[in-house]
J.: 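Please see the structure below; I have some questions.
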2 protein chains.
Amino acid sequence: MNIILSNLKIQVNEKIYVKDPETSPLGKKIVEQSILLIDEIGFDNFTFKKLGEKIGSNESSIYRYFENKHKLLVYLSSWYWSWMEYKLVFATTNILDPSEKLDKAITIVTEKVTDDINTEHINESILNKIIIAEFTKTLQTKEVDQENKEGFFLIYKRLINRIVGFINEVNPEYPFSKSLASTIVVGSLHQHFLTEHLKTITDCNEYVSTTQFYLNLTKNVLR
Amino acid sequence: MNIILSNLKIQVNEKIYVKDPETSPLGKKIVEQSILLIDEIGFDNFTFKKLGEKIGSNESSIYRYFENKHKLLVYLSSWYWSWMEYKLVFATTNILDPSEKLDKAITIVTEKVTDDINTEHINESILNKIIIAEFTKTLQTKEVDQENKEGFFLIYKRLINRIVGFINEVNPEYPFSKSLASTIVVGSLHQHFLTEHLKTITDCNEYVSTTQFYLNLTKNVLR
DNA sequence: GCAAATATAATAGTATTACTATCAATATTG
DNA sequence: CAATATTGATAGTAATACTATTATATTTGC
């Protein structure tokens, strides 16, 4: 997987950016440092001015890559889910047993993320923290229907539907495969959040993982 | 239940507001109309200035009730979960069979909400739409740990823990009752959101309800 | 019923945000 | 090396998120 990923450019819908940040050093710096800054101060407090100061660049230069900070977050999310999709595809390729394949998939999307050294400018571990803390904000806006039409969430929906396919292989009779898949993916983000901030309403902690909870849940639901 | 609720004041943590909006006509108007305005334009576009214009009142008057719009949203959420807790408590009182009680509880927290005519100035149906679209924003801020310490989310956590109690009654061996309860409550909000905006990654629609999905899931997980 | 206290409205003002526009300086490329 | 594209610097605007002050109502307590 490593070799393949190192030669692979994660593709993100062109409508999300003004100029593709992967095509220049400044663009890459914007992506790299925005991840660190959003993690540090939170998306709500994040501004292009602050990012400009952090990277020693002008605010107006950042606007040449992204229309606004919302689009930047959508970009980071798309990148994350696309990267996650690759991990999932490679981890499940050549596995014939449907249950084993589904378990692998659930493990990939629910476990804690470590940095992928093949992507120079992106720290996936920190990006994962941002996704846990901020992902639903990309969806929960008044513009969601318009942005959905423009394909902003295609990669995310494709990832969910890959898991739906695995669920259907395990139990073709189960009538809620889509809801189960979306529950696993977005629910595990929430459980990670609770583990960090509201420990009294989750069982997940350093000893019992979110992955265990969802593996157990899925096994029981589909048997 | 109606008679009881009509005499009942929903209690919200005092630290959330500057002045209790329930104590004056202006306060009630702020709560009533903020629900309508947030639903209309979305929380991100909502400002106290716009609310002031809507209710024919001055911006500065609103600041005497709520420090900022985030606190107002936390107030509305607390109110909502408190109201939900009453519905849950009354719906489950005197039911002896644990499974039946849990099913009732799940139904209450996952089904679509209709207006409660006992609360003059609050339209619960619209408030439910706001909770679906905006609730996670009350948690997902950099200040979550501080606000949690101050008790901003107590009512919500108490509601989750009531459901945890019901789950434990049905199956005391199940090791993930807290994660299951939080998954049901926040997950059902997400399923309602998907039903409205990203229909391709949910099975819930006008014929198959979110409630059915969670009743089925819980039954299978706990048997 | 009136004085005192409280609540609300009106106005003004500040710092920050979220941009857009223009032009100069610097790199890149053909 | 000239043309082109990219970045930086500066300035400017409208909106946001407040705070402060003072005037005007309204409520309440005696």
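All values below were derived from every heavy atom in this structure, side-chain atoms included, with hydrogens, water molecules and symmetry-related copies excluded. Just so we're clear, the structure is a prediction, and the values are computed from it rather than from any experiment. The chains referred to below are lettered A, B, ... by the order of the sequence lines, with proteins before strands, and numbering in each begins at 1.
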J.: Could you check A/Lys28, A/His121, A/Gln11 and say which one makes a side-chain hydrogen bond (donor to acceptor under 3.5 Å, both in side chains) with A/Glu22?
T.: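 When side-chain hydrogen bond (donor to acceptor under 3.5 Å, both in side chains) is applied between A/Glu22 and each of A/Lys28, A/His121, A/Gln11, only A/His121 qualifies.
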
J.: Check every atom of D/dA9, D/dT6, D/dA17 against the side chain of B/Glu59 and return the nucleotide holding the closest atom.
T.: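 Among D/dA9, D/dT6, D/dA17, the one nearest the side chain of B/Glu59 is D/dA17.
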
J.: Here's a test of your reading of the structure: between B/Tyr65 and A/Pro25, which maps to the more 5' nucleotide of DNA chain C?
T.: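 Here B/Tyr65 is the residue nearer the 5' end.
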
J.: With respect to the phosphate group of D/dT7, does any side-chain polar atom (N or O) of A/Ser24 fall under 4.0 Å of OP1 or OP2?
T.: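 Checking A/Ser24 against D/dT7: at least one side-chain N or O falls below 4.0 Å of OP1 or OP2.
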
J.: Reading DNA chain C from 5' onward, which residue's closest nucleotide shows up sooner: A/Ser60 or A/Asp44?
T.: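 Upstream on the strand: A/Asp44.
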
J.: Return the value, rounded to whole Å, for the distance between atom NZ of B/Lys50 and atom P of D/dA14.
T.: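 B/Lys50 atom NZ is separated from D/dA14 atom P by 16 Å.
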
J.: Between atom CZ in B/Phe66 and atom P in D/dT16, what is the gap in whole Å?
T.: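 Rounded to whole Å, this separation is 20 Å.
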
J.: Starting at CZ of A/Arg64 and ending at P of D/dA9, how long is that distance when rounded to a whole Å?
T.: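 Rounded to the whole Å, the gap is 12 Å.
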
J.: Please determine, for the side chain of A/Ser61, which listed nucleotide (D/dG8, D/dC18, C/dA10) has the closest atom?
T.: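 From the listed options, D/dG8 comes nearest.
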
J.: NZ of A/Lys199: more than 12 outside heavy atoms within 6.0 angstrom?
T.: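 More than 12 heavy atoms, drawn from other residues, nucleotides or ligands, come within 6.0 Å of this atom.
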
J.: Whole angstrom is fine here: how far is it from OH in B/Tyr17 over to P in C/dA7?
T.: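 Result: 14 Å.
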
J.: Cation-pi check, B/Lys69 to B/Phe43: give yes when NZ or CZ is under 6.0 Å from the six-membered ring centre and within 45° of the ring axis, no otherwise.
T.: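 Ring-cation test returns yes.
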
J.: For the side chain of A/Thr47, starting at C-beta, report the closest nucleotide among C/dT17, C/dT20, D/dA17.
T.: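 From the listed options, C/dT17 comes nearest.
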
J.: So, OP1 or OP2 of C/dC19: does either fall under 4.0 Å of a side-chain N or O from A/Lys69?
T.: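 Negative; the distance criterion is not met.
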
J.: A/Leu72 CG to C/dC19 P: how many Å, rounded?
T.: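 Spelled out: CG on A/Leu72 to P on C/dC19 is 12 Å.
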
J.: Is the cationic atom of B/Lys71 (NZ for Lys, CZ for Arg) positioned less than 6.0 Å from the six-membered ring centroid of B/Tyr17 and within 45 degrees of its normal?
T.: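 No, B/Lys71 and B/Tyr17 do not form such a contact.
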
J.: Would you tell me if any nitrogen or oxygen in the side chain of B/Ser57 comes within less than 4.0 Å of OP1 or OP2 on C/dT8?
T.: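 Negative; the distance criterion is not met.
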
J.: Please report the distance, rounded to the nearest Å, between NZ in B/Lys28 and C1' in C/dT8.
T.: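 After rounding, the gap between these two atoms is 17 Å.
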
J.: Can you tell me how far the CG atom of A/Leu194 sits from the CG atom of A/Asn205, to the nearest 0.5 Å?
T.: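 One finds 12.0 Å between CG of A/Leu194 and CG of A/Asn205.
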
J.: Which nucleotide in the set D/dT21, C/dT11, C/dC19 lies at the smallest distance from any side-chain heavy atom of A/Tyr63?
T.: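 Side chain of A/Tyr63 sits closest to C/dC19.
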
J.: Is B/Lys49 near enough to D/dC18 that one of its side-chain N or O atoms lies under 4.0 angstrom from OP1 or OP2?
T.: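 Looking at the OP1 and OP2 atoms of D/dC18, neither is under 4.0 Å from any side-chain N or O of B/Lys49.
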
J.: Rounding to a whole Å, what distance do you find between A/Ile62:CD1 and D/dA9:C1'?
T.: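 Answer to the nearest Å: 14 Å.
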
J.: Which part of the nucleic acid, if any, lies within contact of B/Glu67, taking any heavy atom under 4.0 Å across all strands shown: a base, the sugar-phosphate backbone alone, or nothing?
T.: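 The answer is sugar-phosphate, as B/Glu67 gets under 4.0 Å only of primed atoms, P, OP1 or OP2.
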
J.: Whole Å only: how far is the CZ atom of A/Phe46 from the P atom of C/dA18?
T.: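 Between P of C/dA18 and CZ of A/Phe46: 10 Å.
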
J.: By nearest atom, which of the nucleotides C/dA9, D/dG8, C/dC19 is closest to the A/Asn68 side chain?
T.: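 Nearest to the side chain of A/Asn68 among the choices is C/dC19.
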
